[in-house]
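Structure, as structure tokens:
To find a chain, count down the sequence lines: A is the first, B the second, and so on, and within it residues start at 1.
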Number of protein chains: 2
Amino acid sequence: MDTTQRTGQQRSADHRRRELLEAADRVVLRDGPHASMNAIAAEAGITKPILYRHFGDKGGLYAALAMRHTDALLASLRAALDAPAERRQRVEATLDTYLAAIEARPQVYRFLMHPADGAATPGDQAEQGFDVGKHSAPLLRRMGEELAQVIEERLDVGPGTQQLARVWGHGIVGMMHAAGDWWLGERPCTRAELVGSLADLLWGRLAAAGDKAGGPGF
Amino acid sequence: MDTTQRTGQQRSADHRRRELLEAADRVVLRDGPHASMNAIAAEAGITKPILYRHFGDKGGLYAALAMRHTDALLASLRAALDAPAERRQRVEATLDTYLAAIEARPQVYRFLMHPADGAATPGDQAEQGFDVGKHSAPLLRRMGEELAQVIEERLDVGPGTQQLARVWGHGIVGMMHAAGDWWLGERPCTRAELVGSLADLLWGRLAAAGDKAGGPGF
DNA sequence: ACGTGCATGTTACTAACGGTAACTCGGAGT
DNA sequence: ACTCCGAGTTACCGTTAGTAACATGCACGT
């Protein structure tokens with residue numbers, strides 16, 4: 001059987017937290033990031049203060065929720081990134097993995113990319129300085145750092161590799177994200193075409209392209 | 001049609017709107033995107049309902065405000081993009097223009113990139129379907145389309161140029177944005193270094209780099 | 001001169017939200 | 001039996017977006 005009698009007490013603490021997170025997940029998937037604490041509590045069959053006891057505040061709940069999805073997505077990406085294949089193929093597989101994920105669950109994607117407000121507790125005016133990006137999409141940051149690490153581990157671009165890797169990591173992730181966001185809204189082409197075009201961009205086809213008539217000479 | 005006497009009535013309508021926008025600008029620059037309608041009204045020396053009469057709702061005010069800054073930034077970028085110089089130099093100038101802008105006014109930048117909620121009027125539950133990206137940062141979209149147009153006009157990459165240009169436009173803008181956001185938060189290097197690294201990425205240095213020891217052969 | 005219309009402005013309110021204080025209830029330990 | 005403690009509730013606070021109803025001033029037709 002289970003590890004003894006304390007199931008009734010202690011395991012239920014973690015288990016309840018899991019249940020609450022899954023209820024919150026359901027509501028967020030249904031209502032988007034505008035889901036209210038009341039709605040989440042109602043979905044879980046309880047009332048607000050319990051949520052606050054478990055997660056502190058709304059930011060805490062959202063952070064816990066985001067962590068789950070972020071971890072899952074990052075695991076997929078890591079798999080594609082670490083596959084034993086040619087570099088271009090790895091890049092394309094990673095792009096495709098990301099795009100497939102946001103295509104399959106746009107609500108989750110939307111939630112992860114807009115963790116809402118976060119700052120400035122109502123009664124207390126906090127941080128009026130610029131903390132740009134501090135509370136902004138943490139998923140993008142994590143993906144950027146992850147990619148930077150892979151680049152630094154695997155690529156040799158001479159001196160300054162470490163800094164270059166970080167710039168490129170965040171830059172490439174941003175490229176993927178923005179292109180995916182736009183593509184998800186307009187669907188101007190197939191996923192494979194998008195992957196190919198982005199890989200072409202990373203492969204220097206922009207620099208290699210010729211000027212059209214009328215442009216300044218190269 | 002005298003342009004003289006109706007000044008008292010009609011010009012003051014537009015003028016008042018301008019004044020309100022400038023007051024809102026001041027507050028947003030001071031308090032960030034969390035600025036409340038009350039605060040903005042107070043800064044303008046009036047009260048809330050007037051704001052609502054002029055702009056409909058908070059989204060309307062924010063949209064009008066964002067339009068001003070977006071137009072200004074886009075004008076700068078267009079100038080850098082259309083300069084009569086070599087392509088790489090144009091790219092670097094454009095990147096630098098963008099980064100200089102967000103560096104100079106991080107509050108404006110933060111406001112433009114997070115137009116807050118926007119959807120779901122409180123009393124009426126609206127749009128529960130996925131409208132991903134519909135209300136998301138319009139500045140990025142406009143920049144992406146603008147860049148796509150320039151690419152399509154100036155570059156010749158064979159068939160499919162138009163679609164490729166749009167993908168690249170949004171992709172490059174996303175790269176610039178994400179890298180800039182990260183850089184603004186951590187300041188890991190100078191602006192010039194960041195510009196150079198990003199341009200190198202676009203110039204195919206990622207594809208040209210060699211593998212480090214231990215990696216799968218190329 | 002006088003009311004009419006209209007834009008401008010106000011006060012006072014509603015509904016919803018995030019968050020919290022204070023109370024209640026049921027079960028384990030001694 | 002009595003106490004302690006965690007889970008849960010109701011009822012509330014402060015703030016916010018948004019609105020209804022009331023006041024005021026200025027041009028206009030008659």
Ring pair (Phe, Tyr, Trp, His ring centres under 6.0 Å) with A:His177: which residues, sequence neighbours excluded? none
Atom-pair distance (CG on B:Asp57; P on D:dT19), nearest Å: 8 Å
Applying salt bridge (Lys or Arg N to Asp or Glu O under 4.0 Å) between B:Arg166 and each of B:Glu152, B:Glu145, B:Glu146, report the one that passes. B:Glu145
Would you be so kind as to tabulate the donor-acceptor pairs closer than 3.5 Å made by side chains of residues 40-50 of chain B, with sequence neighbours excluded?
unit_1, atom_1, unit_2, atom_2, d
B:Glu43, OE1, B:Arg30, NH2, 3.2
B:Glu43, OE2, B:Arg26, NH1, 2.5

Residues forming a salt bridge (Lys or Arg N to Asp or Glu O under 4.0 Å) with B:Arg18, sequence neighbours excluded: none
Could you check how far CG of A:Asn38 sits from P of D:dT10, rounded to whole Å? 11 Å
Starting at NE2 of A:His34 and ending at P of C:dC17, how long is that distance when rounded to a whole Å? 12 Å
Atom pairs and distances, side-chain donor-acceptor, residues 187-195 of chain B, under 3.5 Å, sequence neighbours left out:
unit_1, atom_1, unit_2, atom_2, d
B:Arg187, NH1, B:Glu103, OE2, 3.2
B:Arg187, NH2, B:Glu103, OE2, 3.4
B:Thr190, OG1, B:Glu193, N, 3.1
B:Thr190, OG1, B:Glu193, OE1, 3.4
B:Arg191, NE, B:Asp96, OD1, 2.9
B:Arg191, NH1, B:Glu103, OE1, 2.8
B:Arg191, NH2, B:Asp96, OD2, 3.2
B:Glu193, OE1, B:Thr190, N, 3.0

Whether over 12 other heavy atoms sit under 6.0 Å from B:Gln162 CD: no
Just how large is the angle between the end axes of the helix from C:dA1-D:dT30 to C:dT30-D:dA1, five pairs per end, to 10 degrees? 20°
In this structure, how many angstroms lie between the P atom of C:dT8 and the NE2 atom of B:His15, rounded? 13 Å
To the nearest Å, give me how far apart CD (B:Glu19) and C1' (C:dT8) are. 14 Å
Starting at OH of A:Tyr62 and ending at P of C:dC17, how long is that distance when rounded to a whole Å? 11 Å
Atom pair distance, as rounded to whole Å: CD1 in B:Ile40 and C1' in D:dG18: 14 Å
Mind calculating the distance between NZ (A:Lys58) and P (C:dG18) to the nearest angstrom? 4 Å
Hits for ring pair (Phe, Tyr, Trp, His ring centres under 6.0 Å) against B:Trp182, two or more places apart or cross-chain, chain-then-number order -> A:His170
Can you sort out which residues in residues 45-54 of chain A have a heavy atom within less than 4.0 Å of DNA chain D? Ascending by number, please. A:Ile46, A:Thr47, A:Pro49, A:Ile50, A:Arg53
By salt bridge (Lys or Arg N to Asp or Glu O under 4.0 Å), A:Asp200 pairs with (sequence neighbours left out) A:Arg88, A:Arg205
Those residues that, when tested against B:Ile102, pass side chain to side chain contact (heavy atoms under 4.5 Å, CB included) (two or more places apart): B:Tyr98, B:Leu99, B:Tyr109, B:Leu184
Nucleotide nearest A:Ser36 (side chain, heavy atoms from C-beta), chosen from C:dG9, C:dC17, C:dG19: C:dC17
